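Quick caveat, the model's predicted, so the values are computed rather than measured.
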Amino acid sequence: VASAAAHGGAVPAASRGDVRRLARRAPLSPNPFLIEAAIAATENKDAVAERLLLAARDRDPRSRATRFLLADRYLRTNRVTDALVEMQVLVGLHERGSEPFFPMLVAYARTPGSARYLKPFFKQYPRIESAVLSALAVDAGNADLVLSLASGRKPEPDWRGPLVSALVAAGDYSKAYATWRRINAVQSPPGLFNPSFAETGAPGPFDWHFPQTPEGIAEPDGKGGLDVLYYGRAHAVLASQLLFLDTGRYELAHRVADASGDAGSLHWVARCAEPAAVLPDVPLPVEGVRLGFRVTAGCNGVWLELQGVP
């Protein structure tokens, strides 16, 4: 049967006879009906194939193959409620039973009105929710859709960071920042977020990011400051945060404690994300630093970076 389907040919009469004999010998087995359904599908007899799948399900409600084929059939014919019922049973029979349907669920999620059916399903199966939303989140155009489908619990895998990053990559800094505040329940006013470098659980880029680099490392000291080690061999970004600021003048001030070596090799740099332009570049003096800069119209997003400069 599989060979005939692969080559677009007819199933040999002898094989079909074997299937019928199998059905007579094992009337409660779903397998003959699954085979006949596959044959009917290759002959474009979709209604017949569906009736045979239903007969197979009646004989063995725990048949994963039957549930899978029925779910596939229902999704392809836009009977989403029926498909989700089959998927629920599949997940109950096998933890990963719904994974083959993720691409179809992603495609269906983009159709108008899908939230009505998907949200109750996602509520029952959070792992499927996270997987589908993660696939949607890489496209900035899906931002509103992802937010409308999200349940609000912490996702695993976490789609929140990729969604904000996609909006930033698309140059939509206003929406990226608003989305980041919403999904992280941020209440603080706009400006520098988390000046004490605390562990907030909010993903970047609007919170601090500390790249792992062989040229140096920056990490919170747990006391409201930052421990920095820079080897001076090559340029490196040691800490960064993307700011969404109104036009106007801003100033960053802090002190430097326990400086050793050449503190001047560490620079605070503010630069427009788009269009790309450096605002100020200020090396750290031993006693402290004041970094002042002006955001002008058209500066869409400002990167604040602690850089190591050899």
K.L.:
Taking side-chain contact (heavy atoms from CB on, under 4.5 Å) as the definition, give me every residue that meets it alongside Y231, ordered by chain and number, with sequence neighbours left out.
P.N.:
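Partners of Y231 under the side-chain contact (heavy atoms from CB on, under 4.5 Å) test: L229, R233.
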K.L.:
Is the backbone of V146 close enough, under 3.5 Å, to the side chain of N142 for a donor and an acceptor to pair up by distance?
P.N.:
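No, because the side chain of N142 does not come within donor-acceptor range (under 3.5 Å) of the backbone of V146.
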K.L.:
Should the ring pair W180 and Y177 be called parallel, tilted or perpendicular, given that the plane angle runs from 0 to 90° and is split at 30 and 60?
P.N.:
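Correct class here is parallel.
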K.L.:
Dump the intermediate steps for side-chain contact (heavy atoms from CB on, under 4.5 Å) on Q307 and W268, then the final yes or no.
P.N.:
CA-CA 6 Å; Q307 298 184 3; W268 278 113; over 6 Å; no
K.L.:
For the residue pair H235 and V309, establish whether any side-chain heavy-atom pair is separated by less than 4.5 Å.
P.N.:
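Yes, side chains in contact.
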K.L.:
Charged N to carboxylate O under 4.0 angstrom, R73 versus E86?
P.N.:
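Judged by the 4.0 Å cut-off on N to carboxylate O distance, R73 and E86 do not form a salt bridge.
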K.L.:
Indicate, with yes or no, if V168 and L147 share a hydrophobic cluster defined by side-chain heavy-atom contacts under 4.5 Å among Ile, Leu, Val, Met, Phe, Trp and Tyr.
P.N.:
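Per the 4.5 Å side-chain linkage, L147 and V168 are co-clustered.
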K.L.:
Does one side chain, of H209 or Q241, offer a donor that lies under 3.5 Å from an acceptor on the other?
P.N.:
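No, Q241 and H209 have no side-chain donor paired with an acceptor closer than 3.5 Å.
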K.L.:
When you check the gap from the basic side-chain N to the acidic O, do E36 and K45 get nearer than 4.0 Å?
P.N.:
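No salt bridge links E36 with K45.
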K.L.:
So does R160 pair up with D158, basic N to acidic O under 4.0 Å?
P.N.:
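Looking at R160 and D158, the cut-off is met.
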K.L.:
Transitively linked via ILVMFWY side-chain contacts under 4.5 Å: V85 with Y108?
P.N.:
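Hydrophobic grouping puts V85 apart from Y108.
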K.L.:
Assigning hydrophobic clusters by single linkage (Ile, Leu, Val, Met, Phe, Trp, Tyr; side-chain heavy-atom cutoff under 4.5 Å), is Y125 placed with L84?
P.N.:
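In one cluster with Y125: L84, yes.
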K.L.:
Do you know the tightest heavy-atom contact between L136 and A109?
P.N.:
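Closest approach of L136 to A109, heavy atoms only: CD1-CB, 4.0 Å.
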K.L.:
Is the distance from the ring center of Y117 to that of F121 below 6.0 Å?
P.N.:
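No, the ring centres sit 6.0 Å or more apart.
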K.L.:
Does the side-chain contact (heavy atoms from CB on, under 4.5 Å) test come out yes or no for D207 and N184, once each step is laid out?
P.N.:
CA-CA 11 Å; D207 194 2; N184 293 294; over 6 Å; no
K.L.:
How far does CG of L105 sit from CG of L75, to the nearest 0.5 angstrom?
P.N.:
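It comes to 6.0 Å.
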K.L.:
I'd like to know if R67 and D60 make a salt bridge, using a cut-off of under 4.0 Å between side-chain N and carboxylate O.
P.N.:
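Looking at D60 together with R67, the answer is no, because their closest N to O distance does not fall below 4.0 Å.
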K.L.:
Decide if atom CD of E199 counts as having more than 12 heavy atoms of other residues, nucleotides or ligands within a radius under 6.0 Å.
P.N.:
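It does not: E199 CD has 12 such atoms or fewer within range.
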